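As structure tokens, the structure follows; a few thoughts come after it.
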Protein chains: 2
Amino acid sequence: MHENDAGKDTGNLSLQFKNNIIILRHMERQTTIKDIALALRLSTSTVSRALRDAADVSIETRKAVKALAEELDYQPNKLALSLLKNQTNTIGVIIPNLDYVLATMVKGIDEVALEAGYTVMVCQSDESFGREILNTKRLLDSLVDGFIVSVSSETMVYEHIKKIQTKKIPLVLFDRVINSINVPKISLDNVEGARLATQHLIDQGYKRIAILAGPENLGISNDRKTGFMQTLKQNKIALDKNHIIHCDFNQDYAYIAAKELLSMNKRPDAIFAISDRLAIGAMLAIKEAGLKMPKDFGLVGFNNEPITKLLTPAISSVEMFAFEIGKATAKMFLEMLHSDENMSDKEILIKPKLVIRESSRRLSE
Amino acid sequence: MHENDAGKDTGNLSLQFKNNIIILRHMERQTTIKDIALALRLSTSTVSRALRDAADVSIETRKAVKALAEELDYQPNKLALSLLKNQTNTIGVIIPNLDYVLATMVKGIDEVALEAGYTVMVCQSDESFGREILNTKRLLDSLVDGFIVSVSSETMVYEHIKKIQTKKIPLVLFDRVINSINVPKISLDNVEGARLATQHLIDQGYKRIAILAGPENLGISNDRKTGFMQTLKQNKIALDKNHIIHCDFNQDYAYIAAKELLSMNKRPDAIFAISDRLAIGAMLAIKEAGLKMPKDFGLVGFNNEPITKLLTPAISSVEMFAFEIGKATAKMFLEMLHSDENMSDKEILIKPKLVIRESSRRLSE
DNA sequence: TTGTAAGCGTTATCAT
DNA sequence: ATGATAACGCTTACAA
């Protein structure tokens, strides 16, 4: 070793002074404020201040600190900061799946959150109640500043959601909201969406309209069913109870359900499916039965997934502006986080739009 | 107030002793070990030990501690633990988008991670190099135990990825891997997938096969192109350079590109599109040109998205087993995390499978 | 069996 | 302008 070397081990760095030039060798650990302080013979508080451009630090000190920080690629430890400030700058997003609609919503949430300096933790429950609870529990242990939640289709008991509320942790519900819980909510006006679809089918002259609804306990499913039933009533059309079918959000089940509908005595001449997946399942059954859309049979879906316009026939569907809902949700969440006003009664309903395509357009108008 | 009440404020709890019964009132903060220690007149270390069933704690103490912890709904602060152990039990997943394939892979990653007690932070770059870098930076500040990364299509410089490596933070690349970086990689055998598709088109008698490739700098795109060219060569088919078209992963661009192909003098009679989105764009152009598939024109896509089998004609596609790739990736990652063996040369190639559908099956065989 | 004290990395308060 | 100290919540030697 060179005789000029004055080896000195200061934590993370092995400093060697040589003709007034400091030679640094990085070691395993991440560089910390302590390392810089030690190397520069300053206190950690001074280093901390210098790094954050506090007023009362001499220019030379600041320069020296910043230079060394740069050189050592110092990055503040977010964990330490979070522990200290009791704030993680992270949002926990709990969703049932990552299908088109929710993935799009997550994109919206992500965009707004990123902009505001927040990181998003996406946890998907895969429509499982148990996994939803597990995810909630894990994130609850001080990992997130708040929650943005859309519940699974299995979820019928809301203790885990209420717990978030009890702990006074900011919570916003979106898409699949829970009416009985008093927090801000953002969702599509599902009743209205169903109304648009149903009225459209009536206007096109379909007489016996059936609905392919989702799981019975799910709010969005019931809202869409409500919109459907209200519209029939308004048009003085009697409702055939057999024409209401509930099934999981799954193309195969929808196919079976639609086959059942088509085999009835008084079989329907149109189906309103409350999701495009269900509509596709129905479409397969309708085609298989040799019925032509829109002449013999009408079909309208929900979500307006890109696939709907590519199918033959292209399927009419209710656009739900998933990306916008995502953005609105994140904005609402951030507002809740930063205002001390009680926002628990805020509720945003996004207006849907019906996109009419071949599967249901049989009048030229 | 009752005369028996002996109000005593111990941090998070307001204890009131009344006939030897302790009445607790929860306050704003989360319960901590300190609160329990204070209430039980123990030291924090004893409480800590009791909670973790350490050997040397008296049974009564343990019982009392656990009872109170239960009552106060004590949850250990993960942040504190992470800071202490320098380990977050969180995996950072950086992906370019949340389309079908990656969403499915994330599902696979998620499933394995959850099982192993890890939480996943999904950050999507939206195919933006800038956002990819930002996401990486944010997660790097001690937030995750390691990274699982698939790069954006814009990414041509890998400093941010190399930085992860330099910091000795576990890193696994998947799907869109980078050959020049020496870490474990899991991806589809894209060359082989392209070979299957191309050979199939040749076998079906198509003579002038074009390829709709992706962005030029993207590895998966080049691998698929390589497989394509190799197969032509093996079959002694001359390659028309004009029949290689690069475009972004976007249906509209593919449509335009395909129109261009179809308007050439020596126009192709089949297209191998390296993603289903591209295939769909091509399909629209092919239909528009009045060409019938598979008779006049052959089309094969890649990814085997569910939509491919629903279209008319149903599109042949290369199945890439996204869910399995996701699971394999997470497993590899966990293995890397827990073994000290150097795994940087591990590379898993998943074997693809060609699913033949109407768009390219014109021989009955 | 229990308590004390140091430490994880940072900042804030109070001295100097 | 800088430093010492306590604190965030937890664990772990070490001491009693």
Side-chain angles (χ1 to χ4, degrees), chain A residues 10-13 27-66 68-69 72-89 140-143 145 167, chain B residues 10-13 27-66 68-69 72-89 140-143 145 167:
Chain A
T10 64
N12 197 27
L13 303 173
M27 305 182 84
E28 283 272 306
R29 278 193 305 104
Q30 277 276 74
T31 305
T32 71
I33 271 193
K34 242 177 172 169
D35 298 319
I36 300 180
L38 220 46
L40 260 33
R41 293 154 211 275
L42 286 168
S43 72
T44 55
S45 27
T46 303
V47 174
S48 169
R49 280 185 289 246
L51 286 169
R52 282 169 305 128
D53 283 318
D56 46 0
V57 179
S58 78
I59 298 186
E60 307 102 64
T61 310
R62 191 176 316 186
K63 265 191 190 162
V65 168
K66 287 199 167 177
L68 189 55
L72 300 179
D73 191 30
Y74 165 79
Q75 300 291 77
N77 183 316
K78 283 238 179 80
L79 244 32
L81 246 23
S82 294
L83 182 59
L84 193 64
K85 304 206 168 152
N86 194 29
Q87 169 190 324
T88 59
N89 276 284
L140 215 41
D141 306 340
S142 319
L143 290 180
D145 289 346
K167 297 211 172 194
Chain B
T10 61
N12 196 27
L13 302 174
M27 306 181 86
E28 284 272 305
R29 278 191 306 103
Q30 278 274 75
T31 305
T32 72
I33 269 193
K34 240 178 175 169
D35 298 318
I36 299 179
L38 220 47
L40 261 31
R41 291 152 213 277
L42 287 168
S43 74
T44 56
S45 35
T46 303
V47 174
S48 168
R49 282 186 286 246
L51 286 170
R52 282 170 303 124
D53 285 317
D56 49 359
V57 178
S58 77
I59 299 186
E60 308 103 62
T61 310
R62 189 177 316 183
K63 265 191 190 163
V65 168
K66 289 200 165 175
L68 190 55
L72 300 180
D73 191 28
Y74 166 78
Q75 300 289 74
N77 184 317
K78 283 237 179 81
L79 245 30
L81 246 22
S82 294
L83 182 59
L84 191 66
K85 305 208 168 150
N86 195 28
Q87 168 191 325
T88 60
N89 275 284
L140 214 41
D141 307 340
S142 318
L143 290 180
D145 289 345
K167 297 210 171 195

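All of these numbers come straight from a predicted model, not from anything done at the bench. Sequence lines set the chain letters: A, B, ... in the order given, protein chains first and strands last, and positions in each chain run from 1.
Proximity of B:R41 to the phosphate of C:dG3: no side-chain N or O atom is located under 4.0 Å from OP1 or OP2. Checking the phosphate oxygens (OP1, OP2) of D:dG3, a side-chain nitrogen or oxygen of A:S43 falls inside 4.0 Å. For the OP1/OP2 pair of D:dT11 and a distance below 4.0 Å, the side-chain nitrogens and oxygens of B:S48 include at least one atom meeting the criterion. Considering only side-chain N and O atoms, A:R52 lies nowhere under 4.0 angstrom from the phosphate OP1 or OP2 of C:dT10.
Within the 4.5 Å cutoff, no side-chain heavy atoms of A:T31 are placed close to those of A:Q75. The shortest side-chain heavy-atom distance between B:T32 and B:D35 falls under the 4.5 Å cut-off.
Here D:dT2 is the nucleotide among C:dT1, D:dT2, C:dG9 with the atom lying nearest to any side-chain atom of A:S58.
Within 4.0 Å (heavy atoms only), B:L84 reaches at least one base atom of the nucleic acid. Using a 4.0 Å heavy-atom distance criterion, B:L42 is classed as a sugar-phosphate-only contact. Counting any heavy atom pair closer than 4.0 Å across all strands shown, B:K34 reaches sugar-phosphate atoms only and no base atom. Counting any heavy atom pair closer than 4.0 Å across all strands shown, A:D56 reaches a base atom.
Nearer to the 5' terminus of DNA chain C, by closest-nucleotide assignment, is the contact made by B:V57 (compared with the other of A:Y74 and B:V57). With the nearest nucleotide of DNA chain D identified for both A:T61 and A:T44, A:T61 has the one nearer the 5' end.
A:R49 has its CZ atom 11 Å from the P atom of D:dA4, to the nearest Å. In this entry the distance linking CG of B:N86 with P of D:dC10 reads 18 Å, nearest Å. The nearest whole Å value for the distance from the CG atom in A:D53 to the C1' atom in D:dA1 is 15 Å. If you take CD1 of A:I33 and P of D:dT2, they are 15 Å apart, rounded to a whole angstrom. The nearest whole Å value for the distance from the CD atom in B:Q75 to the C1' atom in D:dC10 is 15 Å. Between the CD atom of B:Q87 and the C1' atom of C:dG9 there is a distance of 17 Å, given to the nearest Å. Taking atom CG of B:L79 as the reference point, atom P of D:dC10 lies 11 Å away to the nearest angstrom. In this entry the distance linking CG of B:L143 with P of C:dG9 reads 15 Å, nearest Å.
Taking CG from B:N77 and OG from B:S82, the interatomic distance works out to 8.5 Å, rounded to the nearest 0.5 Å.
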If you apply the rule side chain to side chain donor-acceptor pair (under 3.5 Å), what do you find for A:T46 with A:S43, and how did you get there? CA-CA 5 Å; A:T46 303; A:S43 72; 3.1 Å; yes
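Side-chain contact check for A:R62 and A:S58: no donor-acceptor pair (N or O, by modelled atom type) lies under 3.5 Å.
With hydrogens and angles ignored, a donor-acceptor pair under 3.5 angstrom links the side chain of A:S45 to the base of D:dA4.
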